[in-house]
Amino acid sequence: MKEHIQQLLEQTVTLLKEREIIPADAAPRVQVDRTRDKSHGDLATNLAMMLAKPAKKNPRELAQAIIDTLPASELVSKVEIAGPGFINFFLDSGWLGKQVEKIATDQSRANVAALAQPQTIVTDYSAPNVAKEMAVHHIRSTVIGDAVTRTLEFLGHKVIRANHIGDWGTQFGMLIAYLEKMENESASDMDLSDLEAFYREAKKHYDDDESFAERARNYVVKLQGGDEYCRTMWSKLVDITMAQNQAIYDRLGVSLSNDDIMGESLYNPLLPEIVSDLTEKGLAVEDDGAKVVFLDEFKGKDGNAMGVIIQKRDGGFLYTTTDIAAAKYRVDNFDADRILYFIDSRQAQHLQQAWLIARKAGYLPQTTSTEHCAFGMMLGKDGKPFKTRSGGTVKLADLLEEAHQRAVKLIGDKNPDLLGDELETIASTVAMASVKYSDLNKNRTTDYVFDWDNMLTFEGNTAPYMLYAFSRIQSIFRKAGVSADALTGEVVIDAEKEEALAQKLVQFNDAVLSVSAKGAPHLMCTYLYELAGAFMSFYEACPINKDDVAEATKASRLRLCAATANTLKVGLSLLGINTLERM
RNA sequence: GCGCCCGUAGCUCAGUUGGAUAGAGCAGCUGCCUUCUAAGCAGCUGGUCGCAGGUUCGAAUCCUGCCGGGUGCGCCA
């Protein structure tokens, strides 16, 4: 919608340049904003004020020239000058009605077209560690990354999910040695359901038992050398861990699978050649026995160029080297246009350094953008890192189970008729939706305060509010005895709340585009919340299944309902949230 | 010491790469269910946008300096 007005204005700028009303070298960024106040129309531009100075004209005068030159459009019913030189656009209600009809007809896309020029985009998210259970802090990367991934895919981009799991490092010698010990001691299949305990015990043996520790160190060397036995044991650890993580992905509704695993080990074989290449190019130098890249762009504690170690004195590599390799790999193998990293904000400097080195080495071309979609830590209501009562790490599986139990109780209390499977199904959808939404809803790169009461009271700006709006619409269709996809009536925008709802509906496309441009799903949350709110107001003000409602009005309003339902369903699906027919 | 992020209502947060009178939800207070799901709607109350300067037609937004919080800075990842 905005784009269309933008195009009209761009044409106008060209025409005005030809007529020498504005200088030929002016290159204004044509900006179209939604207005806050109805009296200012529906969309506005500040173009005249931006061009007033270069054109040496009074802004209002120039605004008039723009309006006089503006090509006619079916979208716009009226254009006005306001205030110091704003140009206000009023959308045509006939056009709005036609748009709503298209949205109502399109269940799968709500009238959002795929992009004509799709890109190849790598999304790096989730990244759990092998031999550890997913903890609560993994939820942010996983849920936010998945929502953006779904949105990019929806727009037609080729998206490559990269689950950068922690499957490499010196700790694997210890883990393999302990796995071996367990297998030797119990004839039956090992039970690794409690990975935390497994890791803890392995560490304990490593610290207390010298012969165990020696075997562990030996296994590290053998594993890195490609020893078949160690490789098999390592592979078991990865499989067991990822099977458990997959159960969490499935429960949460995260679109990752085993096919998306691209762990640290994938890049390990590339590291030696990267170090030698960086050395040959003069980027890396030996310093105190280690291979170091000095970056003038970053200052160290002594005020000189900061040194980033890419290879340790003992020959081992560090995660900066892995991230350089990962960037290179994604360019070489996928020809990525964008690489989005959904990683904790504390990694910002590290990522900047890795990318800078990759750029200097020519691994990352100018045409590939690397974007850190950063987020803060999860805090408890007390403002301290979110922990269990005893101070331990909260397991993600436990958090999801608690959300489910809370949802069962709340829904059961609210709706005592619901029992058994139906209650469980509704509670499950509501619980996962609530957990995800409360995370997705916030833009903050700073920390996020996790609060059960805010997400599961089911009031206000929450997932249940939107699920409720959706199920209310389904209820209207049941009551009317019609199927949403069989509606044919013409949409006529008449009442104030109808217009407000229609206005919101046609903004969906803008919301999808902004999420994809910024990697920020909260923009979708904000949009859907406003849409659900507009629907609730419409619902109160505009009766449908009532005796005194004219047939044509009823048909029109039913299609507004269908358009809203489609938009909510598609929008929520882009966030990875399922809808409910009843709740 | 240097770098990055942040500071908006009692609380949780928006604020569209400078726009019109800074917005929601929760909490508090008023109304609205024999009528499509009241998990809702309509409304009221609540702000020195951390502080001080600067840039301009216009600043929560950009610049500078302070104050306060978070986080990172050579052999973990």
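A, B, ... follow the sequence lines: proteins, then strands. Residue 1 opens every chain. Model, not experiment: these values are computed from the prediction. The figures that follow rest on heavy atoms only: side chains count, while hydrogens, waters and symmetry mates do not.
Across all strands shown, B/U35 remains unpaired; no Watson-Crick or G-U wobble contact has both distances below 3.5 Å. Using the Watson-Crick or G-U wobble rule with both distances under 3.5 Å, B/U48 pairs with nothing in any strand shown. The nucleotide B/U17 finds no pairing partner, because no Watson-Crick or G-U wobble arrangement with both distances shorter than 3.5 Å includes it.
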Is there any protein nitrogen or oxygen under 3.5 Å from a nitrogen or oxygen in nucleotides 55-59 of chain B, and what are the pairs?
from: B/C57; atom 1: OP1; to: A/K53; atom 2: NZ; distance (Å): 3.4

Could you run down the sub-3.5 Å N/O contacts of the protein with nucleotides 8-11 of chain B?
from: B/U8; atom 1: O4; to: A/R444; atom 2: NH2; distance (Å): 3.2

Listed pairs, N/O of protein and of nucleotides 75-77 of chain B, under 3.5 Å:
from: B/C75; atom 1: O2; to: A/R313; atom 2: N; distance (Å): 2.8
from: B/C75; atom 1: N4; to: A/D288; atom 2: O; distance (Å): 3.2
from: B/C75; atom 1: N4; to: A/D288; atom 2: OD2; distance (Å): 3.2
from: B/C75; atom 1: N4; to: A/R313; atom 2: NH2; distance (Å): 3.3
from: B/C76; atom 1: OP2; to: A/K312; atom 2: NZ; distance (Å): 2.9
from: B/A77; atom 1: OP1; to: A/F317; atom 2: O; distance (Å): 3.4
from: B/A77; atom 1: O3'; to: A/E264; atom 2: OE1; distance (Å): 3.0
from: B/A77; atom 1: O3'; to: A/E264; atom 2: OE2; distance (Å): 2.9
from: B/A77; atom 1: N6; to: A/Y319; atom 2: OH; distance (Å): 2.9
from: B/A77; atom 1: N1; to: A/Y319; atom 2: OH; distance (Å): 3.4

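Atom CD of residue A/E297 and atom CD of residue A/Q352 lie 11.0 Å apart, to the nearest 0.5 angstrom. Between A/I310 atom CD1 and A/Q353 atom CD the span is 12.5 Å, to the nearest 0.5 Å.
For the pair A/T45 and A/L523, nearest-nucleotide mapping onto RNA chain B gives the more 5' position to A/L523. With RNA chain B read from its 5' end, the first of the two nearest nucleotides for A/D302 and A/S345 is the one closest to A/S345.
Listed nucleotides: B/A14, B/G3, B/A20. Nearest to the side chain of A/N443: B/A14.
A/W168 and A/F317 have their aromatic ring centers separated by at least 6.0 angstrom. For A/H164 and A/Y267, the ring centers sit closer than 6.0 Å to each other.
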Ignoring hydrogens and angles, write down the donor-acceptor pairs under 3.5 Å from the side chains of residues 555-565 of chain A, residues two or more places apart or on other chains.
from: A/S556; atom 1: OG; to: A/V492; atom 2: N; distance (Å): 3.0
from: A/S556; atom 1: OG; to: A/V492; atom 2: O; distance (Å): 3.4
from: A/R557; atom 1: NE; to: A/E498; atom 2: OE2; distance (Å): 2.7
from: A/R557; atom 1: NH1; to: A/P543; atom 2: O; distance (Å): 2.9
from: A/R557; atom 1: NH2; to: A/E498; atom 2: OE2; distance (Å): 3.4
from: A/R559; atom 1: NH1; to: A/G489; atom 2: O; distance (Å): 2.9
from: A/R559; atom 1: NH2; to: A/T105; atom 2: OG1; distance (Å): 3.1
from: A/T564; atom 1: OG1; to: A/L560; atom 2: O; distance (Å): 2.8

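For the ring-ring contact (aromatic ring centres under 6.0 Å, His included) condition, the pairs that include at least one residue of residues 514-534 of chain A, sequence neighbours left out, are A/Y465-A/Y529, A/F508-A/Y527.
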Summarise how protein sits on nucleotides 30-40 of chain B as a single string, 5' to 3': B when a protein heavy atom is under 4.0 Å from the base, S for sugar-phosphate-only contact, - for no contact.
-----BBBSBS
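To the nearest whole angstrom, the two C1' atoms, one in B/U16 and one in B/C11, are 26 Å apart. Nucleotides B/G18 and B/A59 have their P atoms positioned 14 Å apart, rounded to a whole Å.
Aromatic stacking of A/H40 on B/A20: satisfied, with centres closer than 5.5 Å and planes within an angle under 30 degrees.
Checking the phosphate oxygens (OP1, OP2) of B/A42, a side-chain nitrogen or oxygen of A/S537 falls inside 4.0 Å.
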